[in-house]
There are 2 protein chains.
Amino acid sequence: MPTSTAPSTARERARIEITQEILNTARDHLTKDGAAALSLRAVARDLGMVSSAIYRYVPNRDSLLTMLIIDAYDSLGADVEKAERTVRREAHLERFLTTCQAVRTWALAHPQEYALIYGSPVPGYAAPADTIVPASRVPAVLITILIDMHSRGRQPKPTPVEPLVSTAIADLRMFSGGLLPDDLLLRGMAAWSSLFGAISFELFGHLHNVVADGSKYRKAYFDHQMRQVALGLRLG
Amino acid sequence: MPTSTAPSTARERARIEITQEILNTARDHLTKDGAAALSLRAVARDLGMVSSAIYRYVPNRDSLLTMLIIDAYDSLGADVEKAERTVRREAHLERFLTTCQAVRTWALAHPQEYALIYGSPVPGYAAPADTIVPASRVPAVLITILIDMHSRGRQPKPTPVEPLVSTAIADLRMFSGGLLPDDLLLRGMAAWSSLFGAISFELFGHLHNVVADGSKYRKAYFDHQMRQVALGLRLG
DNA sequence: ACAAAGCAAGAGCAGCGCTCTGGTTTGTTG
DNA sequence: CAACAAACCAGAGCGCTGCTCTTGCTTTGT
């Protein structure tokens, strides 16, 4: 089943087109002034429509933000997948490091969008179901690397995990197709949090007066940290 | 030199008192509706003053947020310091784990304040200098644990660190009094990012459909992860 | 040919941050 | 004690926001 049916009437085509324009303009505003400053009225003004007309295409501000969130997840996911694909399949460590670099590169290039998806969620906001698939693209890449490593390499005996923790990650185990032992899944989660913890700290200003400001310093620092994380994954 | 001189006149006393009331009411609003929804007018209403009167005590909304940020850092810092103090000095691992638990406990109890200080910063916002001291209380606790461990325990030979990374963390080295080798400082940074990465993921909803929702599962998962982090610190 | 559905435009409501004006209170000084 | 400047308060007002409702017009499927 196709996710979107072909536009039969001119009206449907126009509707899709206008919705696209709204999304594009909104993304421009987002990258310039941040999510908090995004205003439906300003978007309408830019598009030469009156403010009320926007509500024909977007039910409200929150849902516009949701569309931008999905967009951001997909943009990040596509970049990361593309970067990771360029690496030789057997070079597991390099695949991991390339993935981390790609996430950071995207985040530095799209700080507001990064903040939108990995920063504080808006107060009453609950992520709708449409976001969970795009949101899992990066985790999927990481898990694939782990699976490849685990299935090919020598498998050290898995460290046993407490039952409570083991049941806690039942969903994650299912997501990975049951191909990974619990302790490796947990290491993967640790790597994932470390990756985003490091990027968030850098992007949200918590490295001020801690790690030198220059971009080469920041990159070297990040590199080093991710190599450390890779050690924890037994990738190095 | 005292940071605040004694209030001589009734007016000065009233001023301080009213400013305090404004801060308290603002904090109530923050914990209830989040930073984005915090409104000077609403605070004024709660206090029975007209909206313009607030500007006698607070220059603008941003500076009110800054005061709340400082408050939040101090609240977190005080809780963490208190918790960490209860542990036997020689039990370095336990001191570390207790610190992590204290951070998480505070974060779960004050999610909006956590989001305010560790979530996405407001677009044009630049943290003023007044925040850096309160912000470094938690890092200071972690570094003290590392110093105690390093100075007492057997010191494994430090892994050499690339020069670029070494110069990148010059500020951090200074902050730690030069008592720690670079590789341990870097492990400490990794632990710090992991800690906040883990808490941010949990608080900002990125563990949905990954780690089971129940608070005991979440706690067990967090415990496990922090023990893992401690291994990276060679604390375990 | 015609009703139904989709559309644009404008007015309007309640809220926001912030400023300005005019009038009052307070503390200090001649 | 009187005079005066500084600090205070209340209110009106500006321009912005999200969102709704009403009024007409146009496109669409029957």
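Throughout, a chain's letter reflects where its sequence line sits, starting with A, and its residues are numbered from 1. Everything numeric here is computed off the predicted structure, so don't read it as measured data.
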Between [N] ([atom2]) and [X] ([atom1]): distance, integer Å:
{"X": "A:L65", "N": "D:dT17", "atom1": "CG", "atom2": "C1'", "answer": "14 Å"}
{"X": "A:D33", "N": "D:dC16", "atom1": "CG", "atom2": "C1'", "answer": "14 Å"}
{"X": "B:R15", "N": "C:dG27", "atom1": "CZ", "atom2": "P", "answer": "14 Å"}
{"X": "A:L47", "N": "C:dC7", "atom1": "CG", "atom2": "P", "answer": "15 Å"}
{"X": "A:I54", "N": "D:dC19", "atom1": "CD1", "atom2": "C1'", "answer": "12 Å"}

Quick one: OG on A:S120 to CZ on A:F204, what's the gap to the nearest 0.5 Å?
7.0 Å

So, B:S193 and A:S194: side-chain donor and acceptor under 3.5 Å apart, yes or no?
no

Ring-plane angle category for A:Y118 and A:Y114, please: parallel below 30°, perpendicular beyond 60°, tilted otherwise.
tilted

In terms of the angle between their ring planes, are B:Y73 and A:H206 parallel, tilted or perpendicular, with boundaries placed at 30° and 60°?
perpendicular

How does each nucleotide of nucleotides 8-21 of chain C score, in 5' to 3' order, for protein heavy atoms under 4.0 Å: base (B), sugar-phosphate only (S), or none (-)?
BBB-B---BBBB--

Given A:E202, which of A:H208, A:R218, A:R104 fulfils the side chain to side chain donor-acceptor pair (under 3.5 Å) condition?
A:R104

Are A:H224 and B:L186 packed together at the side-chain level, in the sense that at least one heavy-atom pair is separated by less than 4.5 angstrom?
yes

